Amino acid sequence: MLDVDLGLQGQTLLSEHVEYSAVLNFSGKYMTRIESPFTLHLKNNDFEFSPENDPPESFEPVRELIGQTVTESVAEDSGTLRLAFANGASVIVEPDDDYEAWTVAGPGGMLIVCMPHGELAVWEQQDE
């Protein structure tokens, strides 16, 4: 399987919420839920987060992405999620051996889930 374009390019991050998972809400009715450890690359720092273990206040650096536009959104064939933003920041989520690492949902029922070991389950957008 080749890399999958997730369709978030040009969408803006509107909000984030952390409670056992990190939920990123985007314009255009897109949402990303991260349930495994992930990396946030900002201009001068890299941050490692675990939504299951870290307290919500530790995710403060993620809030710097609010208002930023996505320039690239890819699910690699390995199951790695890569989101790049206009300010040069990026979010990277590696697949998990035991759990669903991340989910991207969009309009028309579009859903992509990173299953254990990086296998992608894909539901295409339906015409509304």
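What you see is a predicted model, and the numbers here were worked out from it, not measured in a lab.
- Between F85 and V70, the closest side-chain pair of non-hydrogen atoms falls below 4.5 Å.
- No side-chain donor-acceptor contact under 3.5 Å links H41 to the backbone of D46.
- Side-chain contact between S21 and W102: absent, with no pair of heavy atoms (C-beta onward) separated by less than 4.5 Å.
- Expressed to the nearest 0.5 Å, how far CG of L42 lies from CD of E64 amounts to 5.0 Å.
- Using a 4.5 Å cut-off between side-chain heavy atoms of Ile, Leu, Val, Met, Phe, Trp and Tyr, with links allowed through other members, I92 and I112 fall into different hydrophobic clusters.
- With sequence neighbours excluded, no residue forms a side-chain hydrogen bond (donor to acceptor under 3.5 Å, both in side chains) with S90.
- Looking at heavy atoms from C-beta onward, L120 lies in side-chain contact with C114 at the 4.5 angstrom threshold.
- Not counting sequence neighbours, the partners of E72 by the side chain to side chain contact (heavy atoms under 4.5 Å, CB included) test are V74, A84.
- S73 and L83 make their closest contact through CB-CD2, 3.6 Å (heavy atoms, listed as atom of the first residue, atom of the second, distance).
- Each of S58, P51, P56 was evaluated against D54; a single residue qualifies, S58, per the side-chain contact (heavy atoms from CB on, under 4.5 Å) test.
- Considering all non-hydrogen atoms of both residues, G7 and D5 come closest at N-OD1, 2.9 Å.
- In this structure, the side chains of V91 and T32 stay at 4.5 Å or more apart for every pair of heavy atoms.
- Under the rule for a salt bridge (Lys or Arg N to Asp or Glu O under 4.0 Å), the partners of E76 that lie at least two apart in sequence or sit in another chain are R82.
- Side-chain contact between L40 and L65 is present, with at least one heavy-atom pair separated by less than 4.5 Å.
- T103 OG1 to E35 CD: the interatomic distance, rounded to the nearest 0.5 Å, is 5.5 Å.
- For the salt bridge (Lys or Arg N to Asp or Glu O under 4.0 Å) test, residues two or more places apart in sequence or in another chain that qualify with E16 are R63.
- Hydrophobic cluster membership of M115, counting Ile, Leu, Val, Met, Phe, Trp and Tyr whose side-chain heavy atoms lie under 4.5 Å apart directly or via other members: L111, V113, W123.
- The OG atom of S36 sits 8.5 Å away from atom CD of E52, with the distance rounded to the nearest 0.5 Å.
- Cluster membership for V62 and F47, using ILVMFWY side-chain heavy atoms within less than 4.5 angstrom, is shared.
- Hydrophobic clustering of Ile, Leu, Val, Met, Phe, Trp and Tyr side chains at less than 4.5 Å, counting indirect connections, unites F26 with M110.
- With rounding to the nearest 0.5 Å, the separation of CG in L24 from OH in Y30 is 15.0 Å.
- Contact between P95 and S78 at its shortest, heavy atoms only, is CG-O, 3.4 Å.
- Contact annotation: the side chain of E124 approaches that of V122 to within less than 4.5 Å [non-hydrogen atoms, C-beta and beyond].
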Without placing hydrogens or testing angles, list every side-chain donor-acceptor pair under 3.5 Å for residues 8-15, not counting sequence neighbours.
unit_1	atom_1	unit_2	atom_2	d
Q11	OE1	S27	OG	2.8
Q11	OE1	G28	N	3.3
S15	OG	N25	ND2	3.2

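- Between Y99 and P116 the shortest side-chain heavy-atom distance does not fall below 4.5 Å.
- Summarising the local packing, CD of E57 is surrounded by more than 12 heavy atoms from other residues, nucleotides or ligands at distances under 6.0 Å.
- A distance of 10.0 Å separates CZ of F38 from CG of L81, quoted to the nearest 0.5 Å.
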